[in-house]
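As structure tokens, the structure follows; a few thoughts come after it.
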Amino acid sequence: MSDPILRLEGVQTDIAQYHILQGVDLEVPRGKVTMLLGRNGVGKTTTLRTIMGHWRAKAGRITFDGADITARPTPAIARSGIGFVPENMGIFGDLTVEENMVLAAVSGRIDPARRDWIFEAFPPLRTFWKGPAGTLSGGQKQMLSIARAMIEERRLYLIDEPTKGLAPAIVTTMARALRELKEAGASILLVEQNFAVARALGDLVAVMDDGRVIWSGEMAELAGDAGLQERLMGLSMEGGH
Amino acid sequence: MSLAPDHAPTMARKGLAERLEPWAPVLLVPVMVLLGYLAIPATSSWLTLTVSGLAMGMMIFIMASGMTLVFGLMDVINFGHGAFVSIGAFVGVSVLIWLGGMAGAPSLVLNLLAMGAAAIAAMVVTGGVGWAFEKVIVKPVYGAHLKQILVTMGGLIVIEQLIVVIWGPEEIFIRRPETLQGGLTFAGAAIEKYRLLAVGVGLVLFLAMRFVLRRTKIGLIVRAGVENGEMVEALGYRLRLVFVGVFIAGSALAGLGGVMWGLYQEIITAHMGQEVMILIFIVVIIGGLGSVEGCFIGALLVGLLQNYIAFLEPKVALISNIGLMVAILMWRPMGMIPVVKAK
């Protein structure tokens, strides 16, 4: 097996007086979708934000494609090829949809073929292309947030809860788009609370609890073992579709 | 396989009131001018006061625009901004005195060349001082508002004292360049030539700033950074560099405003920046922190109101702008054109 594209070794992060990440060990293989699961408040979002450099790891090491990025500033991490979709979507509401996308295209130009692909995946973005992003609905903002990360090819995508709070029809749209991205060979680390979506998209899974990864393995193994889900996350697959 | 979603996007047409709502702040300026027309008995006085108010507003805008962007981008409250106004005025006036031959010649071209040289010198020096100020005073206190207030106030005092050391403690009286003295008569109203120049310069700067912010990549980064700096960095842009650039540009604009304000008042002192800071703060607050358009409208409102009230009821003029700020904040607590921050 080739080297993982992203590796976290013993990563610890404090936020104010709270010790959130208590030694995260995680590997994200190339060309696979790795799901990061766990209950609320166990450190999933903090893990992604620490990888992006928004919060500094106080201990441990983060390696991206062989290079140590633990102490790099956020812009340098992004420019090394990581696309980030934050939990709060990070949409610039004062800018138009087009301006949001232009800003995300660090090369300075939008590839028309890539844009058409995005329009096909998220038709509302074509409709509201020239309109202010602040007036989009919650689901449309989430589409824009993901589309922004997809506007250029990245070596790794970090996506934080893309289906959170969305209507079922829009969840389906999101899942289709992410599946397209996966089929194009992208490496993705995806935080997801919706286990049905996680099971449909994930190749591998890492489960967090109390600021650590407590289990990792194949998604098929977790999906096929209701007892394991119950033990790791208090989940029951009976409820999944 | 088609990726079209099951739901179809729809666009509903907004009602008239809803469509006009974003334009309400813009309409305030013509409304203020109209109210002035109704309240001031003589049309010639109204015209003189309106041009004077617009000129004053434009100069305040030039001084305040940098400060609103600095606050919007990095949440930095710079009480030292007035120092750049004072430095700009002293450097610019020194250049004008040095170019006394050109400034005193009865030639508009030579006068404008002297003014241009004074403006460029003021902007270069205040831009440089702004760079040093950001590096030495502002950078160590990012994210700590109380410390920012204290150290930038301290910086202001130090710079004012340096001005006293270099140029002396006395105020300096100055004459405007020869062809910019006096006024024109239009429809029975006396309009000072210098005020017309100030209106022109302010308008050109506003349009240039709007062009940069709306039509260039760096402008996109600044606007996005004002709204959500963290996300701009996550897209790969070095916001700190952008901030330093904006701080330098804002300082240079304050310096330019200082030269123009000094020539408008025809007297400069080391404390002039501190005195004008009250107006700058009012404009930045009522405009909406981080909004250049709001700052522009706010500056025009402040300039017009101050001139109208000073004519109608001089004793009320001192508090008229505070009253304006209270009224606008009661209507829109985040300012006229608030920049929604997502942090």
Side-chain angles (χ1 to χ4, degrees), chain A residues 49 52-54 73-86 88-95 99-100 102-106 108 117-128 131-132 134-137 139-140 143 145 148-149 158 167-170 172-174 176-177 179-180, chain B residues 1-14 18-19 21-22 69 72-73 143 210 213-243 288-294 334-335 337-343:
Chain A
R49 289 178 61 83
M52 284 308 295
H54 288 320
T74 301
I77 294 170
R79 280 184 179 262
S80 65
I82 300 181
F84 180 46
V85 180
N88 65 8
M89 299 180 268
I91 296 302
F92 306 115
D94 187 42
L95 273 56
E99 287 172 334
N100 268 274
V102 167
L103 205 57
V106 176
W117 178 57
I118 284 170
F119 281 164
E120 198 189 338
F122 304 122
L125 299 187
R126 185 201 301 268
T127 310
F128 299 111
T135 60
L136 297 177
S137 71
Q140 290 161 350
M143 291 177 195
S145 182
R148 217 168 42 179
L158 306 179
I170 301 179
T172 307
T173 305
M174 291 293 168
R176 279 184 200 157
R179 185 185 297 281
E180 282 274 304
Chain B
M1 182 183 75
S2 168
L3 289 168
D6 303 330
H7 65 290
T10 57
M11 279 190 287
R13 193 169 173 78
K14 289 178 175 175
E18 220 177 334
R19 273 181 285 152
E21 206 268 340
L69 281 178
L73 265 182
R210 222 181 122 78
L213 286 172
R214 300 271 158 190
R215 300 270 176 243
T216 66
K217 185 85 182 256
I218 188 75
L220 266 188
I221 296 169
V222 170
R223 284 165 59 210
V226 167
E227 198 176 335
N228 189 343
E230 190 178 87
M231 193 62 218
V232 169
E233 294 211 307
L235 291 176
Y237 300 101
R238 295 167 69 187
L239 196 64
R240 211 196 107 64
L241 272 187
V242 176
F243 172 73
L289 297 166
S291 164
V292 169
E293 284 86 358
M334 301 293 286
I337 305 180
V339 176
V340 180
K341 281 186 160 293
K343 298 245 168 155

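A, B, ... follow the sequence lines: proteins, then strands. Residue 1 opens every chain. Remember, it's a predicted structure, so these values are computed and weren't measured experimentally.
For Arg49(A), the part lying near chain B is the side chain, with the backbone staying farther off; criterion is any non-hydrogen pair under 4.5 Å. When heavy atoms are compared at a cutoff of 4.5 Å, Ala76(A) does not approach chain B at all.
Ranked by heavy-atom pairs under 4.5 Å with chain A, the list Arg214(B), Arg223(B), Arg238(B) is led by Arg223(B). Interface remark: of the candidates Asn100(A), Val102(A), Ile77(A), Val102(A) forms the most heavy-atom pairs closer than 4.5 Å to chain B.
Counting only heavy atoms from C-beta outward, the side chains of Glu230(B) and Thr74(A) never approach each other to under 4.5 Å.
The main-chain N or O of Gly93(A) is found under 3.5 Å from a side-chain atom of Glu227(B) such that the two form a donor-acceptor pair.
In this structure, the salt bridge (charged side-chain N to carboxylate O under 4.0 Å, His left out) partners of Arg210(B), at least two apart in sequence or on a different chain, are Glu293(B). Residues satisfying the salt bridge (charged side-chain N to carboxylate O under 4.0 Å, His left out) criterion with Arg79(A), sequence neighbours excluded, are absent altogether.
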